[in-house]
Structure formats: structure tokens, C-alpha cells
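Written out below as C-alpha cells is the structure these notes cover.
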There are 2 protein chains.
Amino acid sequence: MHQPDEELVSILHKKGLKVTPQRLAIFRYLANNESHPSAEKVYSDIKGELPTISQGTVYKTLSTLADIGVITELKINNGQSRYDSNTSVHVNVICPRCNNITDYQSETIIKFWKKLSKEIGGKISGQRFDVYKECSTCEK
Amino acid sequence: MHQPDEELVSILHKKGLKVTPQRLAIFRYLANNESHPSAEKVYSDIKGELPTISQGTVYKTLSTLADIGVITELKINNGQSRYDSNTSVHVNVICPRCNNITDYQSETIIKFWKKLSKEIGGKISGQRFDVYKECSTCEK
DNA sequence: TGCTAATTGAGAATCATTATTATTTAATAC
DNA sequence: GTATTAAATAATAATGATTCTCAATTAGCA
């Protein structure tokens, strides 16, 4: 696992934002977490490291990190947002039962995105590809 | 414009659900509407036809129509759901400023979906492809 | 025409998220 | 190091979309 802090610190400086323990901890947590946690999950897990952090700070920090582009926010069908430190083009494989999310990446997706973005044209600022598929746990 | 009622009535019968004026009106409204309206917009527009309809009924009806697969629900980043009677594989081109949504369809997408669903495998129950791009109105 | 379960309408309740504000703190200058 | 100051945080209230509850109504069938 590489050091994610340097990247974040450099971007925060570039944007004129402060480097705070809350921002570092939440970013680090997501960088080491494949599970696309909700804000609530981030809050309850991060309290081990920062016991006095508030829910509001978690929400604002996640939103800030998404604004500067180091994480992505996914509003899913159960009404909550999930957060992902994988900012490259990929497919979110979402279990329609338990809302577990895993990332899927392949050449097919990269090529499709190249072709599609050219086809659509204009100032494209992002994309999101979801596939709904029952996870192995729910299948049973 | 073809008659959308027959299709809906047949599916409702198949599922053992009742054919109500509310369900017909909301489905017809969406079938003739490209703009991916919110529940609130559906409610305020449908009141012209059904003045006594309640917001709760609109929400429940939209959810029912999505459950039986005749419309799709899109939770977007401003926190609301948008509804679309286009249930074929397509890309939602979403304006990140005003949240206007237009559908984009092409061979590229059809081919990609065939390839991707084979690649991922398993019981896939749906998909959603979004592209964020400023609409012509917001560009100005 | 009457019966019955599903649906509707009205309003209360919920849940995730956002806003407010006083306090604290990171970053910069001295 | 210490002071300054604007930005960030913590606590809590407020919001907004959606869901729930339940009595009244209605579609579908006998």
C-alpha cells in the first residue's frame, strides 16, 4: 500500500485548503477500504481514531474530498451515498439486495469510455457505470 | 405516439395488480415525457388530470411502476429521484448544474452492454450508465 | 349488486443530509 | 515561539425527499 497522504496534502495546498487530521484520517480510511462505505459507516469507524469527530464533519469532509476529485460519491437506490477512492473509469457492481458494491475494471470499459466520450463530445466532467447483480452472499 | 395503456394493463393483470386511474395517468404522463421528471413534478403536473391525487400516491405509484419494470428510477446527486419510461439500455446525459437529463442511445452502447454483461456474468438484473456534461442552456 | 382485498388520500414520521453558530485550530506573519 | 486570522470543526437544529400509518374508497370478481 502506497502513502496516500502526499497526494492529498499536495492537492489541498493547491486548492488553498487546510490539511487537518480529520481530512487525512477520512481519506486514508477510504484509500484502504474497498467496501464503498456510507457516511454513517465512515463516522462510526473513524471514531476509533478521532473520538471527538462529529457526523457533520464527516459529511462535509467527504463532500470536500469529492469536490477536489480524490474520491467519488455514489448516490445509490436506498437513499444513501457511498464513497469510493477509486476515481478511475470503472463499473460499480451493486447487489440490489444488500447494496454491497465492488468495482469492476477491464479493457472493454476503457475502450468503451474512449469511444463513447468522443461520440457524445462536448465538455464531459465525469461518468458513472453501474451494473446490478446479486452478490455471492445474497445468492445463497 | 402509440397507445401505452395496453402494455401497462397487461403487465398489471399479469402481476395481479389493479388497474387504477392513478396508475394509468402517471404511466401515460411519463410515456409522453422525455424530461425525466421528479416525483414532485409528476405530482404537480398530474393534478390537472386528477385533482385529488396525493403526493403519497404519486410516490407509491412511481415505485410500483418501477418494480414491475415499465419505468426506471434514477437517484441523482441532488438527492431526488427522476423517472424515465425509456427502459432500454442507454446513457443518461446529466447536466451537473441544472440536473437536466437526456437519453443517449447508440450502437456503441448496445455492443458494450452485450460484451460487458457477458464478461461480468451471473444474474444481472439491470444497469445504469451516466455521463455528466453541461447542457446547452447552462453552457451559456 | 355485494363482497373483499388492494389502493388511495391525508397527514405524521423517518432518515439522510445540510445549515447554523460558537469554538477551535492550521497556516502565516511577526 | 507567539499573535493573528480565516478556515474548519463540533454540536445541534433544520430541511427535504421519501416512507409509513390508517381510515376511507374502489377495482375486480362472485
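Residue numbers begin at 1 in each chain, while the letters A, B, ... track the order of the sequences. Both backbone and side-chain heavy atoms feed into the values below; hydrogens, waters and symmetry mates do not.
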Rounded interatomic separation in angstrom, taking OH from A:Tyr59 and P from C:dC15: 12 Å

Touch class at under 4.0 angstrom, heavy-atom based, for A:Ser63 against every strand present: nothing

Sidechain-backbone polar pair: A:Ser63 side chain, A:Tyr59 backbone, donor-acceptor under 3.5 Å: no

Length of the CD-C1' vector between B:Glu49 and C:dT8, whole Å: 16 Å

Sugar-phosphate, base or nothing in reach of A:Thr52, heavy atoms under 4.0 Å: sugar-phosphate

Atom pair distance, as rounded to whole Å: NZ in B:Lys18 and C1' in C:dT4: 8 Å

Spacing of A:Asn77 atom CG relative to D:dA17 atom C1', expressed in whole Å: 15 Å

Candidates C:dA16, C:dG9, C:dA6 - which lies nearest the side chain of A:Gln80: C:dA16

Pair B:Phe129 and B:Phe112, ring centroids less than 6.0 Å apart: yes

Length of the line joining B:Ile26:CD1 and C:dT7:P, which is rounded to integer Å: 13 Å

Expected output: side-chain A:His36 to main-chain A:Ile101 donor-acceptor under 3.5 Å: yes

Interatomic distance where NZ belongs to A:Lys60 and P belongs to C:dT21 [whole Å]: 14 Å

Atom-to-atom span, NZ of A:Lys41 to P of C:dA16 - whole angstrom: 15 Å

From D:dA27, C:dA26, C:dT8, nucleotide with atom closest to B:Arg23 side chain: C:dT8

Nucleotide nearest A:Thr61 (side chain, heavy atoms from C-beta), chosen from D:dT9, D:dA6, C:dT8: D:dT9

Main-chain N/O of A:Asn99 paired with A:Arg82 side-chain donor or acceptor, under 3.5 Å: yes

Nucleotide D:dA8, atom P - distance to CG of A:Leu8 in whole Å: 13 Å

Pairwise 5' ranking along DNA chain C for B:Gln22 and B:Gly56, keeping only the more 5' one: B:Gln22

Side chains of A:Tyr29 and A:Glu49, donor plus acceptor under 3.5 Å: no

Earlier contact from the 5' end, DNA chain D, for B:Pro21 and B:Glu40: B:Glu40

Minimum-distance nucleotide to B:Gln55 side chain [options: C:dA27, D:dA27, D:dT18]: D:dT18

Touch class at under 4.0 angstrom, heavy-atom based, for B:Thr20 against every strand present: sugar-phosphate

Among D:dA17, C:dT17, C:dT8, the one nearest B:Thr57 by side-chain distance: C:dT8

Of the listed nucleotides D:dA10, D:dG28, C:dA16, the one nearest the side chain of B:Val19: D:dG28

